[in-house]
Amino acid sequence: MRGIVFYVIESLRNKHISIFDTTLRDGEQTPGVSLTSDEKLLIAQQLDKLGVDIIEAGFPMSSDGEAASVKRIVDAGLGLQVCGLARVIKSDIDTCLGCGVDMVHTFVSTSDVQRISTIKKSRDEVYRMAIDAVEYIKDHGAKCMFSAMDATRTDVDYLINIYKGVEAAHCDIINVPDTVGVSVPSATYKLIREIAVNVNIPIDVHCHNDFGLAVANSLAAVEAGASQVQVTINGLGERAGNADLAETVMGLHSLYGAKTNIKSQYIVETSHLVERLTEVRMPPTMPIVGENAFAHESGIHTHGVLVRSDTFEPGVMTPEMVGHRRRIVLGKHAGKHAVKQSLECAGLHPTDEQLNDILKRVKDIGDKGKRVTDADLYAIAESIIGTASRGKQAIVLKEVSVMTGNIITPTATVKATVNGEERLGANVGVGPVDAALKTVAGILGDYKVKVRDFRIEAISGGSDALAEVIIGVEDDKGRAVSARATNEDIVMASVEALVAAINQLLSRGDKI
Ligand code: KIV
Ligand code: ZN
């Protein structure tokens, strides 16, 4: 059989590709993102756990705080190599070296447009500055990577000449940046091939995503002979960002059979950490890490996936491989199999006729443009099957109060019975909803739940509008449910939705 796999570049099978992560440098240049030194260290530690080979920890010359953060990451003694960015200027390089980095990444604009309009140097001057910088770094005993900034808009003969020059100056690796994201995969392939036949040191690529082609260009570069790719977590970076680590690495592993040191099972965990610390939210449709990356709604797809997951998933990449989970979502496209499976997981066994009625009600909600939460499904099923006796609610809310304002830290107290035993909790948060949800989670003792998804909508106008909260919750066994609640009070809607979700999880027989 000749399928698409037939065309995959066989020579990449088992080839090792090095992963250079620049989340802490180009990623931090994402408009609106600024990380503290503690946060940078946390991300560096997570990248180490993920198996990244080398990280660009920052641009030390940009501020004293940045230099201190880079030094702190170096001093943390992680397994990965630490690189710092420097212009082809001695003071930049000295500051980088002063942080104790393993590698200095030095760069200069080589395209006419940048050279003439920004640094105002001739081609010869830029050539000389590049060689001097590389020699200076090598004289100081550090590894050196040289980037010809805006390489993909640089005259190719001049570009190759400068790469040959830095090679002769003992540069360890050259980087080819598509600084403004204008290359296409076929052009990237040709350029990297041409460089590879002229230069004998390893080639790295740094692709920006202005046309959504950063990952495709990075993969094309690897096909053409690049042995290292620069990526960021969640595709963060200047403007539209850089090549995303998850997509690039899983493309290499699953589509080409190439190897990296990435432990892919930590990909989603890493994405969530960076999402939380940078506050740049990932769309649900984001490949690999997005909430919907392995979610199925249509009847045809869910039926297929329930029989055999690779009918409607890539197969060469499963949710388990990247630390994600498969989800069956119910809505207007839902099919009988998905509804039956969801109910059976909750211990409900409708007859065929009951199942048809439940399916109709689920589709009716979907037709109104609404999402069907697990709690909605169980309520419908119970009303049709008549099993409201699936057990008493484990958590019954008694009292909720919050204090908030501009002179106190938002604080919540919650009184509830948990399996009949009265419990009282208090906690603080970044806002009243956060404080209240943390307090509810806190009264559960050893049973741990995480809020994975939180959506709030006003369903009428005015400041007295009804708020509808839909919440997705996952427990420490990886089981996830969703629930909704409506209230004029946003805090109460949030707390009630969380309690409803936890009660759904606990109705499956767990004791707390
Ligand atoms: O996009 C770019 O060209 C860069 C360089 C510093 C490599 O980020
Ligand atoms: Zn960049």
Side-chain angles (χ1 to χ4, degrees), residues 233-234 246 267-298 302 319-320 322-334 338 342 345-346 362 365-366 368-379 395 429-442 444 447-459 466-487 490-508:
I233 302 298
N234 295 342
I267 281 181
V268 168
E269 179 181 297
T270 310
S271 163
H272 285 165
L273 176 80
V274 170
E275 186 173 16
R276 183 165 64 75
L277 297 179
T278 58
E279 291 174 26
V280 179
R281 303 282 166 228
M282 290 301 102
T285 49
M286 177 86 178
I288 302 170
V289 300
E291 191 54 24
N292 292 353
F294 298 93
H296 305 270
E297 205 221 61
S298 95
T302 49
E320 295 76 24
V322 296
H324 213 320
R325 66 193 146 77
R326 182 170 297 114
R327 269 188 325 129
I328 304 295
V329 179
L330 301 176
K332 68 175 175 188
H333 306 110
S342 300
C345 281
V362 165
I365 300 183
K368 288 186 189 124
K370 294 221 168 220
R371 177 171 148 186
V372 183
T373 66
D374 298 291
D376 295 334
L377 174 69
Y378 304 143
I395 304 173
V430 293
V433 170
D434 185 45
L437 296 186
K438 278 186 184 152
T439 309
V440 172
L444 303 175
Y447 184 65
K448 298 274 174 273
V449 291
K450 266 195 208 143
V451 175
R452 283 264 176 253
D453 185 21
F454 182 89
R455 278 165 223 197
I456 190 155
E457 263 169 43
I459 49 179
L466 269 179
E468 180 178 68
V469 169
I470 297 187
I471 208 162
V473 172
E474 188 175 329
D475 70 7
D476 42 9
K477 298 194 177 95
R479 299 173 317 177
V481 293
S482 53
R484 99 173 65 230
T486 308
N487 200 305
I490 290 175
V491 176
M492 286 311 298
S494 310
V495 168
E496 284 165 5
L498 177 59
V499 168
I502 298 169
N503 278 331
Q504 286 304 332
L505 282 168
L506 294 175
S507 69
R508 297 176 185 182

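- Taking CD1 of Ile395 as the reference point, atom CG of Leu444 lies at 4.5 Å (rounded to 0.5 Å).
- Nearest heavy atoms, Ile490 versus Ala467: CG1-CB, 3.9 Å.
- Residues passing the side chain to side chain contact (heavy atoms under 4.5 Å, CB included) test with Thr373 are Ala375, Asp376, Ile470, Ser482, Arg484, sequence neighbours excluded.
- Legend: residues meeting salt bridge (charged side-chain N to carboxylate O under 4.0 Å, His left out) with Lys438, ordered by chain and number and at least two apart, are Asp434.
- Closest of all the heavy-atom pairs between Ala436 and Val495 is CB-CG2, 3.6 Å.
- Shown here are the side chain to side chain contact (heavy atoms under 4.5 Å, CB included) partners of Thr270, two or more places apart in sequence or in another chain: Gln46, Leu47, Leu50, Ile233, Tyr266.
- Under the 4.5 Å side-chain criterion, counting only non-hydrogen atoms from C-beta, Val481 is not in contact with Arg479.
- Atom CG of Leu277 is surrounded by more than 12 heavy atoms from other residues, nucleotides or ligands within 6.0 Å.
- For Arg327, the salt bridge (charged side-chain N to carboxylate O under 4.0 Å, His left out) criterion is met by Glu291, not counting sequence neighbours.
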**OP:** Please lay out, stage by stage, how Val469 and Val433 fare under the test side chain to side chain contact (heavy atoms under 4.5 Å, CB included).
**Re:** CA-CA 11 Å; Val469 169; Val433 170; over 6 Å; no
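- When all heavy atoms are compared, the tightest approach of Gly331 to Val362 is O-CG1, 3.9 Å.
- Under the rule for a ring pair (Phe, Tyr, Trp, His ring centres under 6.0 Å), the partners of His324 that lie at least two apart in sequence or sit in another chain are Phe294.
- Applying the salt bridge (charged side-chain N to carboxylate O under 4.0 Å, His left out) test to residues at least two apart or on different chains, none of the pairs has a partner in residues 274-288.
- The distance from the OG atom of Ser494 to the CG atom of Leu437 is 5.5 Å, given to the nearest 0.5 Å.
- Of the N and O atoms on the side chains of Asn234 and Ser271, at least one donor lies less than 3.5 Å from an acceptor on the other residue.
- Glu269 meets the salt bridge (charged side-chain N to carboxylate O under 4.0 Å, His left out) test with Lys49; sequence neighbours excluded.
- Among residues two or more places apart in sequence or in another chain, the salt bridge (charged side-chain N to carboxylate O under 4.0 Å, His left out) test is passed with Glu496 by none.
- For the atom pair Tyr447 OH and Leu506 CG, the distance stands at 4.5 Å (nearest 0.5 Å).
- Every residue meeting the side chain to side chain contact (heavy atoms under 4.5 Å, CB included) condition with Glu297, not counting sequence neighbours, appears here in chain and number order: Val329, His333.
- Contact annotation: the side chain of Val289 never approaches that of Val322 to less than 4.5 Å [non-hydrogen atoms, C-beta and beyond].
- Atom NE2 of residue His296 and atom CD1 of residue Ile328 lie 5.5 Å apart, to the nearest 0.5 angstrom.
- Note: Lys450 NZ to Asp475 CG = 10.5 Å, rounded to the nearest 0.5 Å.
- In this view, Thr439 and Ala412, Val414, Asn427 satisfy the side chain to side chain contact (heavy atoms under 4.5 Å, CB included) rule, not counting sequence neighbours.
- When every heavy atom of Ala497 is checked against every heavy atom of Ala483, the shortest pair comes out as O-CB, 3.6 Å.
- Residues Met286 and Ala293 approach most closely at O-CB, 3.9 Å, considering heavy atoms.
- Looking at heavy atoms from C-beta onward, Ser342 lies out of side-chain contact with Asp374 at the 4.5 angstrom threshold.
- When all heavy atoms of Ile288 and Ala246 are compared, the pair lying nearest together is CD1-O, 3.3 Å.
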